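Residue numbering restarts at 1 for every chain, and letters A, B, ... go by the order of the sequence lines. Computed from a prediction, not measured in an experiment: that's the story for all the values here.
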Amino acid sequence: MPGLVNEQAAIVANEKVGPGLHLMKLAAPQIAARIKPGQFVHMRLPAMNDHILRRPFSIYDCDRDAGMLEVLYQVVGFGTDHMTGLQVGESTEIIGPVGRGWEVPKDASRCLLVAGGVGAAPLFMLADELMATGRELDVILGAQTVDALVARERYEALLETPPRCSTDDGSFGFSGFCTPLVDQALNDAEGEGRPYDYLAVCGPEPLMKIVVAQAKDHGVFCELSMERRMACGIGACLSCVVDTVAGKKRSCIDGPVFSGQEVVWS
Amino acid sequence: MRVPRETSVSLSVNLGGLTMKNPVTVASGTFGAGREYSDFVSVASLGAVTTKGVSLHGWEGNASPRIAETPSGMLNSIGLQNPGVEALKAHELPWLAEQGALVIVNVSGHSFDEYVQVIEALEDAPVGAYEVNISCPNVDAGGMTMGCHRPSVETVVKRCREVTRRPLIVKLTPNVTDITEIAKAAEASGADAISLINTLLGMAIDAKRRRPLLARVVGGLSGPAVKPVALRMVWQCHQAVSIPILGMGGITNGTDAVEFMLAGATAVAVGTANFINPEASVEVIDGLIDYCEAQGVNDVNELIGALQWK
């Protein structure tokens, strides 16, 4: 298996797409050629010398032929704020493709993806792959407001049935958190006699904890993507560990995708 | 996979009986056992690979979050998570031997006996030297608690000395009043070399949440921020002891390495810089070569303690 590369990636676009949400396009042909859904890149930003660590970002979408990666990011601190000011033509350095991506069972025929906020990003390539391999796919997207539902149109264009959405403020779709929609989807599928056999979730940890429990209640195999502060991003430093039934595992290379049964919630 | 460039500069150094092909190793805990970095650098091309601290039966380490970024550096409170010495022997040391890497094993323990038992377990394994870790700030027993006072330093070094003829490097903590006192105690007790500095005890706070950034509240500071402290301590220890010094603390490029050697280090370790740039260890070697060639230095040993200050 080819290993990791540290690739100079020129910024070809970097624009605001929602409240505190930005989309960066990077020219990174080596990583774009073989990154899999759920894997991430570990990014070194230019002109940030006193903030020394790289930042991990999941890949939202990838154009293998054009050698392009897309990163949907939310401003959460100094690094991501600095990122918003980077100009087209500037260059980042990214290590990738890192980590264990989504591992959908080969025989899974009906799948449900659940995204909270910017968690919609690492699920999009998976949705694309599931559609391409002929699975029946439903998607639930939750966000704080309609403006923050930035991935909705892309999912709509991909899916046969549009994603079910919720907003915390009721400005679009179901009013409230997306977890009632998850219960409803699980029940509906059972009622139709064709229950889901795979569920993937990415979002804030409290959301993932609830959705994992919902999947378990319905006997549906489930995966989730964990986020941790990372230093090396390649498995050496043990900064990013997640508690699992088999002890502490590294979210960078043992994850970021884990199965729902594996993770022990704090 | 990067290797250092060709040069006619003689790069070999002798660190207390350990012959290194060049003076650059990696700091324990920043490089795993090398495997994780092998896509980026040739581990065999380094002066040595220093492995993550290992204890007898393995430790779980501390709760998360374990790291925080701070100005020009980072805090960590990993807590010496490791799978134990038998796992190191079974999986990592054979791989390193296969690569042709020279290995320094960082040895940790909760008690004097544990340090001794780890070394005893490693005596039949392909190991070049031991680095005795009496300086980790992130464990409740052993580590730094053992490295702050002369009597415990003397006991642990003497006990380790009794069970091995291999080079014994003692890794010192900067969190002491006078590091030269600890360095002298290590030397008098049979250490072949000392390595310094381990991380500086620090903390970081999220004011908005009124919470510490680390689950353990305090952790070890590393990265470029600590380099001036590390240089000062290497310089002080070089004057205080006659055994060689493995210098580290914020080394990011060849010039940093040269500065440590001028201050008195025989060899240097690249630590946090590996996280920033996975090729940092080889880049430091290349930068050291650049300096020597530009300055007409034929043998890197000429740099050791060559600081002009009187």
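B/Asn277 touches chain A through backbone and side chain together, each having a heavy atom under 4.5 Å away. Only the side chain of B/Ser64 has a heavy atom closer than 4.5 Å to any heavy atom of chain A. For A/Val5, the part sitting under 4.5 Å from any heavy atom of chain B is the backbone (N, CA, C, O) and nothing else. For B/Phe31, the part lying under 4.5 angstrom from a heavy atom of chain A is the backbone only. For chain A, no part of B/Leu80 is nearby; none of its heavy atoms comes within less than 4.5 Å. Interface remark: B/Ile67 contributes backbone and side-chain atoms alike to the contact with chain A (heavy atom separation under 4.5 Å). Looking at B/Ala68, both its backbone and its side chain come within 4.5 Å of chain A, counting heavy atoms on both sides. When heavy atoms are compared at a cutoff of 4.5 Å, B/Thr70 approaches chain A solely by way of its backbone atoms N, CA, C and O. Interface remark: A/Arg44 contributes side-chain atoms only to the contact with chain B (heavy atom separation under 4.5 Å).
A side-chain donor-acceptor contact under 3.5 Å links A/Arg54 to the backbone of B/Ile276. Side chain of A/Arg228 to backbone of A/Val241: a donor-acceptor contact under 3.5 angstrom is found. Listed for the B/Thr25 side chain is no donor-acceptor partner under 3.5 Å among the backbone atoms of B/Gly47. With B/Glu114 contributing its side chain and B/Leu56 its backbone, the two residues share a donor-acceptor pair below 3.5 Å.
With values rounded to the nearest 0.5 angstrom, B/His110 atom NE2 is found 8.5 Å from B/Tyr115 atom OH.
Of the charged side-chain nitrogens involved, at least one lies within less than 4.0 Å of a carboxylate oxygen, so that B/Lys227 and B/Glu259 count as a salt-bridged pair. Salt bridge annotation for B/Glu36-A/Arg250: present, with a cationic side-chain nitrogen under 4.0 angstrom from a carboxylate oxygen.
The most heavy-atom pairs under 4.5 Å with chain B, out of A/Gly235, A/Gly247, A/Cys240, A/Gly77, come from A/Gly235. Interface summary for chain B: among A/Gly79, A/Ser266, A/Ser239, A/Cys237, the most heavy-atom pairs under 4.5 angstrom belong to A/Ser239. Of the listed residues (A/Ile253, A/Ile234, A/Ile52), the greatest number of heavy-atom pairs within a distance under 4.5 Å of chain B belongs to A/Ile52. When each of A/Val242, A/Ile95, A/Asn49, A/Asp50 is scored by its heavy-atom pairs under 4.5 Å with chain B, the top score falls to A/Asp50. Options B/Ala225, B/Gly73, B/Pro71, B/Gly29 differ in how many heavy-atom pairs under 4.5 Å they form with chain A, and the most are formed by B/Gly73.
Ring geometry for A/Phe57 versus A/Tyr73: interplanar angle over 60°, hence perpendicular rather than tilted (30 to 60°).
Partner of B/Leu75 under the side chain to side chain contact (heavy atoms under 4.5 Å, CB included) criterion, out of B/Leu221, B/Leu201, B/Val218, B/Thr199: B/Leu221 alone.
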